Amino acid sequence: YPEAATTGSIELRSFRVSGATCTSGTSATDQCFIDAVSTGETFVAGTERFGLYVPCIDQNDGTRSKTANLGSVPLAYSGDDGLFATVADCENEANTKFAWNDSATAANLASSSGVVDNEIVKLSFGATAAATTPTGAYTVTTTYIATPTF
């Protein structure tokens with residue numbers, strides 16, 4: 001989940017300039033990017049958007065044995081490589097869907113119903129600016145949680 005910015009107003013969990021006063025979640029003229037929808041969307045160049053996606057889960061690369069249990073990436077965050085890819089397959093994605101959850105509630109990015117050992121979830125962030133997007137040093141802080149079941 002994204003951490004709330006400590007300064008500024010509106011869109012506090014978005015990709016933004018620290019201390020910026022944002023006008024809404026749909027303005028391409030303030031110093032806050034428009035979040036990708038939580039159900040996922042394909043970015044179009046020239047439209048202001050920010051989000052993340054999971055290009056693949058690496059379950060085969062390397063010499064140490066791995067499980068093949070990690071999966072279930074929600075479609076909103078899913079790249080087109082899917083599971084059982086190698087590290088090289090996680091590059092140069094096409095047809096990607098980005099999503100962004102701007103709430104304080106964590107979004108589930110991957111899950112497993114079994115033991116997970118030596119599997120890698122690759123996360124990629126993406127942004128596209130509009131011609132009206134102001135310049136600035138845009139940031140967002142995210143927290144990742146791994147919750148085991150015993």
Side-chain angles (χ1 to χ4, degrees), residues 1-62 66 68-112 116 118-148:
Y1 65 93
E3 298 286 344
T6 56
T7 59
S9 65
I10 306 176
E11 303 300 318
L12 294 177
R13 297 179 188 277
S14 297
F15 190 52
R16 58 184 287 126
V17 172
S18 180
T21 298
C22 302
T23 56
S24 74
T26 59
S27 173
T29 60
D30 61 8
Q31 288 186 306
C32 297
F33 265 61
I34 300 170
D35 299 330
V37 295
S38 60
T39 55
E41 66 179 285
T42 302
F43 286 172
V44 176
T47 60
E48 184 182 274
R49 292 287 188 275
F50 171 78
L52 74 89
Y53 78 104
V54 179
C56 73
I57 297 176
D58 178 7
Q59 298 173 322
N60 288 330
D61 202 47
K66 298 181 178 193
N69 294 329
L70 191 57
S72 303
V73 175
L75 184 59
Y77 295 94
S78 185
D80 61 359
D81 274 353
L83 303 175
F84 303 104
T86 64
V87 173
D89 289 335
C90 284
E91 304 299 329
N92 303 317
E93 289 296 304
N95 303 317
T96 15
K97 288 179 75 176
F98 291 87
W100 189 252
N101 170 22
D102 66 354
S103 75
T105 303
N108 182 8
L109 298 180
S111 64
S112 173
V116 175
N118 199 26
E119 296 183 55
I120 299 169
V121 177
K122 183 172 182 178
L123 299 178
S124 293
F125 293 85
T128 181
T132 57
T133 302
T135 60
Y138 288 79
T139 62
V140 67
T141 301
T142 56
T143 298
Y144 297 92
I145 304 167
T147 306

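Please read these numbers as outputs of a predicted model, since none were measured by experiment.
- Of the options Thr105, Ile145, Asp102, a side chain to side chain contact (heavy atoms under 4.5 Å, CB included) to Tyr1 is made by Ile145 and by none of the others.
- Closest of all the heavy-atom pairs between Ala36 and Gly51 is CB-CA, 4.3 Å.
- Looking only at side-chain heavy atoms (C-beta outward), Leu109 and Leu52 come within less than 4.5 Å of each other.
- Scanning all heavy atoms of the two residues, the minimum distance from Thr26 to Ile34 falls at O-CD1, 3.5 Å.
- Screening Phe43, Tyr138, Trp100 against Phe33 for a ring pair (Phe, Tyr, Trp, His ring centres under 6.0 Å) leaves a single residue, Tyr138.
- Note: Gln31 CD to Ser18 OG = 10.0 Å, rounded to the nearest 0.5 Å.
- In this structure, Thr132 and Glu48 have side chains that are not in contact, with every pair of non-hydrogen atoms separated by 4.5 Å or more.
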Practice item. Applying salt bridge (charged side-chain N to carboxylate O under 4.0 Å, His left out), run through Arg49 and Glu41 and close with a yes or a no. Key: CA-CA 10 Å; Arg49 292 287 188 275; Glu41 66 179 285; 3.0 Å; yes
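- Using cut-offs of 30° and 60° on the angle between ring planes, the pair Tyr53 and Phe98 is perpendicular.
- Shortest non-hydrogen contact noted between Asp30 and Thr21 is CB-O, 4.3 Å.
- Contact of the Thr23 side chain with the Ile10 side chain is not registered, since no non-hydrogen atoms from C-beta on lie closer than 4.5 Å.
- Inter-residue side-chain proximity for Val140 and Phe125 is flagged as unmet; no heavy-atom pair is nearer than 4.5 Å.
- Taking all atoms of both residues into account, the shortest heavy-atom contact from Ala28 to Pro134 is O-CD, 4.2 Å.
- Contact between Arg13 and Pro2 at its shortest, heavy atoms only, is NH1-O, 2.5 Å.
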Review point. What do the steps show when you test Asp35 against Glu11 for side-chain contact (heavy atoms from CB on, under 4.5 Å), and what is the final call?
Key: CA-CA 9 Å; Asp35 299 330; Glu11 303 300 318; 3.8 Å; yes
